Novice: 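First the structure, then my questions, so here it is.
Just so it is clear: chains get the letters A, B, ... in the order the sequence lines come, proteins before strands, and each one is counted from 1. Note that this is a predicted model, so its numbers are computed, not measured.
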Amino acid sequence: MPDKLQQPVPEHPPEFPQLCRFLAEASPQPMVAVEGLTHLVRYANPAFHQLLGIEDQHLLGRRFKNAVPEGLANTCAAMLGRVFATGTSEALIEQEHGPDVWAKGIVAAKGPTHWSYLAWAILGPDHTPAGVMIQVTDATEAARFRRVAAAVNEALLVSGVRQHEMMEKAAVLSLLVSQSEQRLRTMADAMPQLASMASADGTVQWYNKRWYEYTGATPVQLHGSGWQSVMDPQVLPAVLENWMASVATGRPFEMIFPLRGKDGTFRAFLSRAEALKDADGNVTQWFGTTTDIDQVQRATEAMRQSEERFRALVTASSDVVYRMSADWSISHPFDGRNFIHDTNAPTRDWLTRHIHPDDQPMVMAAVQQAIRGKGVYELEHRVRLVNGTWGWTFSRAVPLLDAAGEITEWFGAASNVTDRKQAEEALRASEDRYRTLFNSIDDGFCVIEKSNEAGEPSDFRYIEANPAVEAQSGIAGVVGKTMRQVFPTIGEEWCETFDNVLATGEPIRFEGGLVTDGRVLELYAFRVEDGTNRRVAVIFKDITARKSAEQELLRHRENLERAVEQRTAELSESVAKLVASERLAALGTLAAGLGHDIANITMPIRARLDVLANTLDSQEGKGDIDAVMRGIEHLNNVSAGMRLLALDPERAGASAPVADLAQWCSQTTALFRSAVARHITVECSMPSGVGVPIAAHRLAQAIYNLVQNAGEAMAGQKAGRIGVSGEVAEQAGRARVVLLRVTDDGPGMPPEVLAHCFEPYFSTKGRTISTGMGLGMVKGIVEAAGGRVLLESAPGKGTTFTLSIPVAPAADQGTPSPARLHTAAVSIRHPRTASLACLFLEQLDVSPRRMPSDIVPGTAIWIVDDPDPAQVAAYLDAHIHRRVVVLGPPAPHVGAGPDHASEGGDSRVVRLPAVPTPHDLRQALTAAGRAARSRMGEG
Amino acid sequence: MGERAEPVGIIMVDDNVPAAEAMRRWCGNDGTLSWLGSAEAGEAAALLVARHRPAVVLLDVEMPGTDTFALLPRLVAESPETAVVMFSGHCQPDVVGRALAAGAAGYILKDEPMASIGTMLLRAAAGEVVMSAAAAAAYVRAAENGG
């Protein structure tokens, strides 16, 4: 409503409103006028439009807070209200506006902006506020400026405060400095060194007391550069040069130079000066100390020399040299000398680095003890060698003490004793082994030492004895005693032996008998080492048992040798005989075979001869045939005789007792003839019907032997005769004997031969062929038959052997001898006849066909026709197997008739009548069979 | 010895031909014996025996190629009425015993006198067991010793 606005207040000139309007229009400041309580916008100048970018149509007539952006509106709204209400003016200075103002595109600039607002009331005609005029002023710069100004102010304020503080501090410091200087001077006076202070230009301004004390100069003398007067003039220029250089540069000064003391002697001093600089680095003052190092120098020199020597020593020795801190916590670097690892820098872990874990506690304990006692540290312990294995070292360290007696450090040397230790170990192990051996060996082992002095009788003392000493010698507790004490009797002898061993070094083995219990010892003594310890070692054992065994063995061997000799002689004799007998036996077997063949061959001859004999009529022819037949029979006889020589006469069927000597003789004559040389005749004549209880072949061997002996005895003669004969001899009151004689007309036997000729193996000559048995055999054969051999011989008278053999009474009528009937009968169960059959000798001439079946099959039945039961019993005992039943005819005196019970109680004998009928035989056989069965049941 | 109406038939089994021939001659000369034939080996012998059924067979113990101890029981079994008598040059006890146990009717040695042989053949035919003395001795001794 421009009109309202254009109505000026009466006091104003009429152009006032236009002017106002013009001003407003032209004003660069944004202006806006609002009317009424609701602050309706009535006017906005171009600048305002420009500021907000809003056209009139959007502004005019609208409420201020709606028309303008928030930021602006809110800030002004309250003010508008107040101004309108009060009718005054108000200013809001520098209101900050944040992002919301430019975000909305109000202003281009980013960052906080400040605006100031000026609002005054527009009075209406009634001089009451009708509206408000607002002028916006960009106060950003102003705000900024104000802020800066405020800061500057503050800074100035603070600065002023600080300056004040600093001034206060400076005052304090000055005080302190002066106090410090005072203290410094006091201290400087107190300290033993010579101390001084100089100004920046190098002029010394103050000396401490020591200067005066030492130099003996006065302050006046020393003042300023007075110090130069106590210098060595020769050194002074150098000192000055250095000093001036320091003064110029401000760098610390350090120099050693001599100063003259009040006693006039020059001593070495180390002089040092430090500059005190100000804030700009300019020197303000110099502080210097000058220290008497004369002693130190000397000490250092001595030390250096000592070190030199030490180094030389170290270089020369192969030990590792080490240095430890006073408490052994730190090890200084050292050269491990290829023994242990080098240490190239000070180290705290020397313990773990070098020393065996198990030995570490021991080392530390020794170290602690050494430290405590300030004494020498000495220990052998294990260390790690450079090759990584564990070795041994002997380590020794001495403490270095300062003037106050406190330990400053330790100097040590460690030598490599690994080899020694290993040797020691080996030695210990060896010692252990030795000890074990010593104690466990079976032999007594002792070490003796010469115990006598020169001139005294030789004696040795027992130094060591193993447990076996007592066992082997029977003497306990010898250690400590001497030989003479232990062995009073043999001690001297043994001592001599040991002296010899000691002297020569040669060991000796000998035997000794102990008197104590008679045991025998075998000792071996040898010198221990080179004898300088005068010891001998003795090993011994009890050989008593062995000795007796040796003797026994010797005896035994002697016996054995003798026995062997004897047996060898016997054996060679036997072998010779065996060989000969084998030859003979071979011959015999051959002969037996021959005999068999001859029987085969001659049988057809005999058969045909028989036919011829029967068919021939001529007597002469018959005579011829007869002769031939006799020849054949003779041949058969010879072959039968040959069987007697067979090794197995039983197989040859020649083992039966001789039933008839005459028949036997006819068989064997040829045999006997073959035993002697051709120029010796052998004649045999034997009684017939007489037999001997000797097997045919055995008798043949016996007679053959005798004939052969005779033949050999007569070998040298031109001719000779041997007679083989037999006769029956009755001896009153005694048994009948057959005397078989072998007589020769040879040289006879001398008495000494006569005495021994029946001994086994006795021979007067060697034999190329022999029966292998001697006269002993002959004797044996005869004596086995109950007979005996008689010998008659005298030199020049020939020799006669008589074999006297008992036989049963002569076989006269009715009393045949038992020897005659050896193959009487055999009872067998014949498969063909299914019954028993008996075989009978022709003598009995009885031949029953059928026998009772209850005779035990396989039983051999002997029919004895001797009446004498005793003879029969004897015969039975000698010859008859239990399975053989013997039947015998009754004795004549008993009488005829079948008496089946045996007399004398011998159930093996069943009586037969003198001429038994078949019936008798049958009955007898039955009884015999029963008896046999019962006997077999017994046994 | 009983009376005999007819001659006793003999067959001989032996590889020794001269021996068999001689026996044939001899038997022929003896009126009591009748020669029926001879064989040299087992098979022929068995055939012969089977054909003739002799009273006595003379069986040689040692014939090469013939197992006498197989032949013997065979002959005995095939011809029970025949007496098979062993005829040998030797008499070993075990052989004698074995022969008898196998059914031989006897054991005659070849050096037995001819007349004795004749008698023994007749006796064998009559049913006896005939043994030469030496054979009997051998047999008995064997029995004594544990047979």
Side-chain angles (χ1 to χ4, degrees), chain A residues 592-593 595-612 614-615 629 633 636-637 639-640 643 648 650-657 659 822-826 828 830-833 835 837-842 847 849-850 858-862 879-884, chain B residues 1-2 16 18-23 25-30 60 62 73 76 80-84 87-94 96 100-103 105-106 109-117 123 126-131 133-147:
Chain A
H596 155 246
D597 284 337
I598 284 173
N600 259 316
I601 293 163
T602 57
M603 189 280 283
I605 297 170
R606 286 186 295 114
R608 291 198 188 261
L609 280 173
D610 201 49
V611 169
L612 266 176
N614 289 337
T615 55
M629 194 69 101
E633 276 167 14
N636 275 347
N637 261 349
S639 90
R643 277 193 229 128
D648 189 356
E650 289 195 6
R651 285 176 78 82
S655 62
H822 49 92
T823 54
V826 173
I828 53 173
H830 194 261
R832 195 166 80 97
T833 58
S835 66
C838 278
L839 316 172
F840 288 93
L841 271 184
E842 279 98 309
S847 149
R849 309 291 172 75
R850 294 200 180 353
T859 311
I861 302 169
W862 295 69
H879 298 285
I880 307 302
H881 192 267
R882 67 183 175 88
R883 288 177 68 177
V884 173
Chain B
M1 304 202 196
N16 185 347
E21 285 294 300
M23 277 307 288
R25 183 79 176 90
W26 187 81
C27 283
N29 195 245
D30 185 321
D60 185 23
E62 273 163 5
V76 166
E81 63 277 14
T82 304
V84 183
F87 197 33
S88 174
H90 59 77
C91 54
Q92 291 167 14
D94 52 331
V96 175
L100 291 176
L109 292 176
K110 281 185 180 169
D111 62 357
E112 195 76 37
M114 294 314 297
S116 170
I117 291 178
R123 281 162 63 189
E128 283 187 37
V129 175
V130 294
M131 306 258 287
Y139 181 73
V140 167
R141 202 145 285 273
E144 270 186 349
N145 291 342

Novice: Looking only at atom types and distance, does a side-chain atom of Arg25(B) sit under 3.5 Å from a main-chain N or O of Pro604(A), one as donor and one as acceptor?
Specialist: no
Novice: Quick check for you: among Ala115(B), Cys27(B), Gly28(B), Ala22(B), which has the greatest number of heavy-atom pairs under 4.5 Å with chain A?
Specialist: Ala22(B)
Novice: Might you point out which heavy atoms bring Arg608(A) and Pro18(B) nearest each other, and give the distance in Å?
Specialist: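 That closest heavy-atom pairing would be NH2-O, 4.4 Å.
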Novice: If the condition is salt bridge (Lys or Arg N to Asp or Glu O under 4.0 Å), which residues does Glu62(B) pass it with, not counting sequence neighbours?
Specialist: none
Novice: Do you know which of Asp610(A), Ile601(A), Leu609(A), Thr615(A) has the most heavy-atom pairs under 4.5 Å to chain B?
Specialist: Asp610(A)
Novice: Which atom names give the shortest non-hydrogen contact between Ala599(A) and Asp111(B), and what distance separates them?
Specialist: CB-CB, 4.0 Å
Novice: On a heavy-atom basis, which atom in Arg606(A) and which in Pro113(B) lie closest, and how many Å separate them?
Specialist: NH1-CA, 3.6 Å
Novice: Grab the two heavy atoms, one from Ala19(B) and one from Met603(A), that are nearest each other, plus how far apart they are.
Specialist: CB-CE, 3.9 Å
